[in-house]
Amino acid sequence: ELLKGIRLAISETNQSIYQAASDNAEYKGMGTTVVAILLSGPRIHIGHVGDSRLYCFRQDRLSKLTKDHSLVQDLVDRGLYTEEQARAASVSHILTRSVGLKVQVEIDALTAELQPDDLLLICSDGLTDMVPDWQIREILRDHAHRPGTAVTKLIETANYHGGRGNNSGKVAKTCAHLLFSSCSREVGCRTEGPDRMALTASTRYFSRIPGKANQARSIRRPRRLFPA
């Protein structure tokens, strides 16, 4: 039921964005990416579209709980690129799925078990394009008890390496309560009860914004979508 609710929320958001783009020619091609999670007891329920990511840091190990919906990830899966080659690939920003491009969207949804003191990181490609996984792991390890500081350090590191894109990120510690620090208006947190919390993170719409096109381009690189 929880996964069904996440799927429904993302589907309704997809339809709203698609309709807005259909009604206004200036929004044609508008879309975004999303990671939505629901924490309920020892479990995490996840909905995901695009190349924003959810990581879990546990006992000095960093693992991805989502898989990018991108052309370069497909090439990695086929063994044509290594992870390092993928980071430098010219096709690294071509998405195979996004929210809002079509009437319907295919959503990855899954449930995973959590352990006390796990750290969860939700972030956009503005972070992962600039900061490799090994460095993300080191920052989370060094600031495991200060999630807000970890977010600040991650963004500072991304900016040091060039700071392309929109550095959306949130770190949550799974325990009796949720600690977080928001670094972007695209990141939201909603508490739904003592043992149930939901977080979402997404990149900016990769479309022209009327009257603010130059500003949008200065924030993130143009995104291209892989045609179906």
Side-chain angles (χ1 to χ4, degrees), residues 1-20 30-59 61-71 73-74 76-77 95-125 127-128 133 136 140 147 168-180 182 184 186-205 225-226 228:
E1 288 298 320
L2 295 179
L3 286 182
K4 186 181 295 184
I6 290 175
R7 287 181 182 274
L8 179 61
I10 295 176
S11 293
E12 290 180 348
T13 300
N14 177 79
Q15 292 172 4
S16 295
I17 296 173
Y18 179 82
Q19 190 62 51
M30 178 170 67
T32 190
T33 67
V34 64
V35 174
I37 71 171
L38 187 65
L39 301 177
S40 181
R43 295 181 179 85
I44 179 172
H45 308 280
I46 308 160
H48 162 58
V49 179
D51 61 355
S52 289
R53 295 178 181 177
L54 171 63
Y55 288 91
C56 179
F57 178 77
R58 175 184 298 166
Q59 298 177 354
R61 296 187 62 182
L62 184 71
S63 58
K64 279 190 290 187
L65 299 184
T66 57
K67 179 181 284 190
D68 292 356
H69 299 141
S70 64
L71 176 59
Q73 182 63 56
D74 289 348
V76 170
D77 292 343
L95 300 183
T96 54
R97 291 189 222 170
S98 73
V99 178
L101 189 66
K102 299 180 180 180
V103 177
Q104 295 183 331
V105 61
E106 183 179 356
I107 302 162
D108 283 357
L110 66 149
T111 297
E113 296 290 328
L114 295 175
Q115 297 180 8
D117 296 325
D118 281 356
L119 283 178
L120 301 173
L121 170 65
I122 303 176
C123 59
S124 70
D125 62 339
L127 175 68
T128 54
D133 284 3
I136 292 175
L140 294 181
S168 298
K170 185 181 289 295
V171 176
K173 187 171 184 178
T174 60
C175 203
H177 59 285
L178 183 69
L179 301 176
F180 69 95
S182 176
S184 169
E186 281 77 22
V187 181
C189 177
R190 182 175 70 257
T191 300
E192 299 187 346
D195 66 343
R196 182 177 296 180
M197 290 157 285
L199 295 87
T200 60
S202 71
T203 64
R204 290 182 186 274
Y205 292 151
L225 300 178
F226 186 59

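The structure displayed is predicted, hence computed values, not measured ones.
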So, does [X] use its side chain to make a donor-acceptor pair with the main chain of [Y] at under 3.5 Å?
{"X": "N14", "Y": "V103", "value": "yes"}
{"X": "S70", "Y": "Q73", "value": "yes"}
{"X": "R43", "Y": "T111", "value": "no"}
{"X": "R53", "Y": "K64", "value": "no"}

Do you know which two heavy atoms are closest between [X] and [Y], and how far apart they sit?
{"X": "D125", "Y": "T128", "result": "CA-OG1, 3.3 Å"}
{"X": "G50", "Y": "T33", "result": "CA-CG2, 3.8 Å"}
{"X": "L3", "Y": "A109", "result": "CD2-CB, 4.1 Å"}
{"X": "I46", "Y": "I6", "result": "N-CD1, 4.1 Å"}
{"X": "L62", "Y": "D133", "result": "CD2-O, 3.4 Å"}
{"X": "L119", "Y": "P147", "result": "CD2-CG, 4.4 Å"}

Qualifying residue for side-chain contact (heavy atoms from CB on, under 4.5 Å) with Y55, from I122, L120, I136, T66: I136

- prompt: Residues in ring pair (Phe, Tyr, Trp, His ring centres under 6.0 Å) with H69, at least two apart?
  reply: H48

task: Please say whether more than 12 non-hydrogen atoms of neighbouring residues, nucleotides or ligands are located less than 6.0 Å from CD in Q104.
output: no

